2 protein chains.
Amino acid sequence: MLKGHLDAIVLAALEAGPAHGYAIIEAIKTRSSSTFDLPEGTVYPALHRLEQAGLLASTWTTPAGGRRRRIYSLTKAGVAALADRRKAWGRFSHAVDMLLGGGRAWPA
Amino acid sequence: MLKGHLDAIVLAALEAGPAHGYAIIEAIKTRSSSTFDLPEGTVYPALHRLEQAGLLASTWTTPAGGRRRRIYSLTKAGVAALADRRKAWGRFSHAVDMLLGGGRAWPA
DNA sequence: CTTCCATACCTAGTTATACTAGGTATATGC
DNA sequence: GCATATACCTAGTATAACTAGGTATGGAAG
């Protein structure tokens, strides 16, 4: 369960350049060493949501002798949102690390 | 949004010893440097859920001249679950770090 | 040559979870 | 005596992730 962090992951996947949905899924799987093998039903709606929110833009392409693809790229707002999400992830994961790392006794 | 990780946080808060709900909320706030200032409506239902699942046990106490408190403690299953959740968090956060840390170009 | 798999997209509906917004009650400080 | 902090609770809401389907093409295997 990625709840709340999927957007950041998808945005980050597009940081290196535009890509289509299926490639994004593969990239997330590869770059997470298969920790995240996301079903399409998770990623496609997320892409639509992010486009709706103005963080992504898309165009249809049909490569020579290929299937139609929808290419997504980060908008300016998307780049900014990614930076925000990264900071939020840093704060979040640091806080959880503190809480889980613990094992200290209760403060008096 | 803590989705999916709240259980681990609550279980970890009880690792150092039994405590009541309100104290757990305070401890989470303190030990996360106020990153997590969880509303009661989040924590109490979570405690009930975890008790229902057999990961926590509770007893009522009334300290001298005090309000009634429900003291929660980890069960054996709760200790085991915490260990699992910790591992899951490690895998999860490491994977997200890889994905967000990136910025590399697409592999050919 | 056809059958299967990988590619590539989609959505309606379910589920689970965190949160909102209330409510109750006691002890303490001003 | 009134506000604040302590201490508990629950019904309802929002929404995100996932399940489980559906469509269609290209290439490989048989």
Side-chain angles (χ1 to χ4, degrees), chain A residues 1-11 13 18-30 32 35-53 55-56 58-72 81 85 88-89 92 95-96 99, chain B residues 1-11 13 18-30 32 35-53 55-56 58-72 81 85 88-89 92 95-96 99:
Chain A
M1 283 176 185
L2 320 147
K3 316 222 176 160
H5 309 290
L6 176 60
D7 290 1
I9 288 168
V10 170
L11 291 171
H20 63 284
Y22 203 82
I24 292 171
I25 292 172
E26 294 296 302
I28 290 173
K29 184 178 173 185
T30 302
S32 72
T35 305
F36 299 136
D37 193 357
L38 304 180
E40 303 177 5
T42 292
V43 177
Y44 287 119
L47 289 168
H48 299 162
R49 224 192 312 127
L50 292 169
E51 184 171 26
Q52 197 74 19
L55 308 183
L56 297 181
S58 73
T59 51
W60 284 99
T61 61
T62 308
R67 308 150 211 81
R68 82 199 209 286
R69 290 172 172 176
R70 192 161 174 176
I71 307 290
Y72 289 91
R85 302 296 192 131
W89 165 252
F92 174 80
V96 177
L99 292 166
Chain B
M1 283 178 184
L2 319 149
K3 315 222 177 160
H5 309 289
L6 176 61
D7 289 2
I9 289 168
V10 170
L11 292 172
H20 63 284
Y22 204 82
I24 292 171
I25 291 173
E26 295 296 303
I28 290 172
K29 184 178 174 185
T30 302
S32 71
T35 304
F36 299 135
D37 193 359
L38 303 181
E40 303 177 6
T42 291
V43 176
Y44 286 119
L47 288 168
H48 300 163
R49 225 193 311 129
L50 292 169
E51 185 171 25
Q52 198 73 18
L55 307 183
L56 297 182
S58 73
T59 51
W60 285 98
T61 61
T62 307
R67 307 150 211 83
R68 81 200 209 287
R69 290 172 171 176
R70 192 161 174 175
I71 307 290
Y72 289 92
R85 302 296 191 130
W89 165 253
F92 174 79
V96 177
L99 292 166

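Keep in mind it's a predicted model, so treat the numbers as computed, not measured. Within every chain, numbering begins at 1; the chains are lettered A, B, ... in the order of the sequence lines, protein sequences first and strands thereafter.
As rounded to whole Å, 13 Å separates atom C1' of C/dA25 from atom CD of B/Glu40. Between the CZ atom of B/Arg49 and the C1' atom of C/dT15 there is a distance of 13 Å, rounded to whole Å. Put simply, OH on A/Tyr22 is 17 Å from P on D/dT25, counting in whole angstrom units. Atom NE2 in A/His20 sits roughly 15 Å away from atom C1' in D/dA24 (whole-Å rounding). Atom CD1 of A/Ile25 is separated from atom P of D/dA17 by 14 Å (rounded to the nearest Å). For the pair B/Leu38 CG and C/dT17 P, the computed distance is 16 Å after rounding to whole Å. Rounded to an integer number of Å, the gap from NE2 of B/His5 to P of C/dC19 is 12 Å. Straight-line distance from the NZ atom of B/Lys29 to the C1' atom of D/dA5: 12 Å, rounded to whole Å.
Note: B/Ile24 CD1 to B/Leu47 CG = 5.0 Å, rounded to the nearest 0.5 Å. Remark: A/Leu99 CG to B/Leu6 CG distance equals 10.5 Å, nearest 0.5 Å.
Side-chain contact between B/Glu51 and B/Arg70 is present, with heavy atoms from C-beta onward closer than 4.5 Å. Annotation: side chain of B/Ile25 is not in contact with side chain of B/Thr42 (no heavy-atom distance under 4.5 Å).
Put simply, A/His48 has no side-chain N or O that comes within less than 4.0 Å of OP1 or OP2 on C/dC9.
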Between A/Thr35 and B/Val96, does a side-chain contact (heavy atoms from CB on, under 4.5 Å) hold up when you go through it step by step?
CA-CA 9 Å; A/Thr35 305; B/Val96 177; over 6 Å; no
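Considering all non-hydrogen atoms of both residues, B/Phe36 and A/Phe92 come closest at CZ-CD1, 3.5 Å.
For A/Arg49, the salt bridge (charged side-chain N to carboxylate O under 4.0 Å, His left out) partners two or more places apart in sequence, or in a different chain, are A/Asp7.
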Could you go over nucleotides 12-14 of chain C and give all protein N or O partners under 3.5 Å, atom names and distances?
none

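Closest to the side chain of B/Arg67, from the set C/dT26, C/dC10, D/dC18, is C/dT26. Nearest nucleotide to the side chain of B/Tyr44, out of D/dT10, D/dT6, D/dT15: D/dT10.
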